[in-house]
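A short write-up of the structure that comes next.
To find a chain, count down the sequence lines: A is the first, B the second, and so on, and within it residues start at 1. A quick note: this is a predicted structure, and the numbers were derived from the prediction, not measured.
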Amino acid sequence: MNLEIQLEKYFAYTSFRPGQKEIITSLLEGNHTIAMLPTGTGKSLCYQLPGYLLEGQVIIISPLLSLMQDQVEQLMMNGEKRVIAFNSFLTADEKNHALLQLHHYKFIFLSPEMLRSKSVIDGLKKLHISLFVIDEAHCISQWGYDFRPEYLKLGESRDKLGKPLTLALTATATKEVKNELIASLHLDHWNEFIYSVDRPNISLVVETVESYQEKSERIVELVKRLEGPGIIYFSSKKLTEWMSAYLREHGMTRVMAYHGGMEQENRVLIQQQFLHGQLDLICATSAFGMGINKEDIRFVIHFHMPLQLESYLQEIGRAGRDGKKSVAILLYSPGDEQLPYQIAEAELPSEVQVNAVYQYLEMNHHMTTNLASFEIDIRRISGLTETQWRIIRDYLVDQKELLLKVQFQKLTLFINERLQVKKRKISEMHLWICSQIQQCRRKKILKYFDEDMTIEVENCCDQCGIDLTVFDLKISKHQVANSSYNWKQQLANILLVSERSDEK
DNA sequence: CGGTATGCTAATAGTAGCATACCGGTGCTCTATT
């Protein structure tokens with residue numbers, strides 16, 4: 001089969017981007033496939049084209065409702081009507097109806113949570129599934145152990161569906177993350193296509209400052225001089241809002257905050273405004289990013305350090321998708337690492353909380369098999385968050401051990417183990433920021449991802465020596481000199497602006 | 001851990017000085033209540 005002809009037939013492209021053809025060929029030959037492609041290189045084509053060439057339905061597991069909606073829209077724009085996002089946007093009636101009609105669709109988008117529903121599995125079992133896709137597959141190890149445990153159960157669901165041909169897609173995975181992915185999907189043999197996580201056009205800078213105050217001032221300086229648009233990342237929702245107000249006070253009007261605590265409607269609006277160039281700057285938590293397809297982001301600043309190098313790489317990777325020079329600046333002040341440690345500990349249930357749950361179940365002679373029915377009581381006495389409660393519940397439900405006491409001993413071990421993993425990741429991130437060993441930052445990141453640095457990068461990082469002025473806003477002398485007179489130039493400027501907004 | 005907010009005291013005017021408490025990210029789904 002000539003894939004180029006098929007590509008043109010279905011998508012009107014004349015050639016593949018690097019990696020796409022190999023991945024698609026691997027799938028068409030019937031191999032489970034793991035694909036690690038850099039962001040913005042057309043991952044969705046890797047399942048869309050095979051979807052057309054293979055008989056049956058494509059199931060796509062997607063982490064975010066907004067991502068599903070985007071993909072559905074994108075397919076519809078391409079003329080495909082047989083596409084559905086099967087999620088909580090549908091009413092109960094709509095869901096029931098859709099379950100009976102699934103065979104009429106070509107592409108079916110689902111969350112991992114939805115896949116745990118028996119009626120959904122039963123509906124999917126009746127199909128001929130040509131391809132089972134896990135989009136943003138790093139979520140399995142990033143979220144599966146605690147925040148979204150259904151991610152770890154994907155393999156179980158996949159087994160129930162008869163182990164269909166599988167494609168896992170991600171941009172960032174260490175060897176360890178890849179192995180966790182293979183294990184949790186229950187893959188026994190597979191092809192892998194791994195491309196470098198390096199983004200040579202992004203310069204890496206760490207700056208050390210004394211205090212939060214100094215950080216804020218430095219951010220104002222940077223934002224004023226750097227060519228935008230840009231993103232500033234925080235680990236606190238409050239600070240995103242505080243900083244966007246602070247920047248507005250300092251004359252930057254096109255700034256907004258973005259975090260998970262905001263109304264969905266506002267989040268969509270702000271994201272759209274940023275994508276369409278009506279905002280220059282977003283002050284965001286890690287909620288902002290997945291599915292942001294903006295080519296021309298010139299800088300990413302970190303006010304706080306992320307909880308792991310994988311997250312850091314994903315966040316800075318939102319810059320420079322157009323391949324042009326961009327910069328990632330992380331501001332560090334001594335003691336910053338305490339916040340991630342604190343966040344990690346708060347996510348898992350504490351020993352006191354685990355004990356409270358144990359006491360409750362022991363005193364009431366409750367079995368852990370019908371744990372869910374005591375949720376309200378248990379959470380009230382122990383003060384567990386939704387995430388913490390689910391970690392305990394899911395662990396106990398899967399337990400084969402009969403003695404409650406032993407179950408809880410194992411649970412405590414499990415929680416400690418998870419905490420150690422999280423702490424290790426934070427310390428690796430911390431070490432990258434302020435290791436005493438003077439070494440190229442890019443080289444160190446690549447080493448973390450088991451890669452060697454093979455190319456020489458200009459303006460690589462602060463360790464190699466960097467000239468930040470390269471990233472400064474360029475006001476052409478020509479424009480300044482003629483600003484009041486040259487109507488031709490004025491007109492050209494206006495046309496250029498409208499041309500830019502037309503592109504979007 | 002570290003910053004911010006709140007509260008207490010001492011002393012009687014508005015506030016200084018200190019102690020203490022609190023907070024800190026990511027999202028799906030279903031159900032009950034407005």
Anything under 30° is parallel, anything over 60° is perpendicular, the rest tilted; go ahead and classify A:Y358 against A:F408.
tilted
If pairing requires Watson-Crick or G-U wobble contacts with both distances under 3.5 Å, which nucleotide is the partner of B:dC23?
B:dG2
Considering only the P atoms, how many Å lie between B:dT26 and B:dC30, rounded to the nearest integer?
23 Å
Do nucleotides 25-34 of chain B as a string where each nucleotide becomes B, S or -: B if the base has a protein heavy atom under 4.0 Å, S if just the sugar-phosphate does, - if no protein is that close.
BBBBSS----
Write down the distance separating the P atoms in B:dG17 and B:dA11, rounded off to the nearest Å.
14 Å
Using Watson-Crick or G-U wobble geometry with both distances below 3.5 Å, tell me the partner of B:dC8, or none.
B:dG17
Rounded P spacing from B:dG25 to B:dA21 in Å
22 Å
Using the C1' atom as the reference point in each nucleotide, state the distance between B:dG24 and B:dC28 in Å, no decimals.
23 Å
When you measure from the centre of the six-membered ring of A:Y145, is the NZ or CZ of A:R418 under 6.0 Å away and within 45° of the axis?
yes
Complementary nucleotide of B:dC30, counting Watson-Crick and G-U pairs under 3.5 Å:
none
Parallel, tilted or perpendicular: rings of A:Y312 and A:H302 (30°, 60°):
tilted
Tell me whether the count of non-hydrogen atoms from other residues, nucleotides or ligands lying under 6.0 Å of CD in A:E345 goes above 12.
yes
Span that lies between the C1' atom of B:dG14 and that of B:dA10, in whole angstrom
13 Å
Can you pull out every side chain to side chain donor-acceptor pair (under 3.5 Å) where at least one residue sits in residues 260-274 of chain A? Sequence neighbours excluded, please.
A:Y258-A:R267
Any chance you could measure A:H103, atom NE2, to A:I108, atom CD1, to the nearest 0.5 Å?
10.5 Å
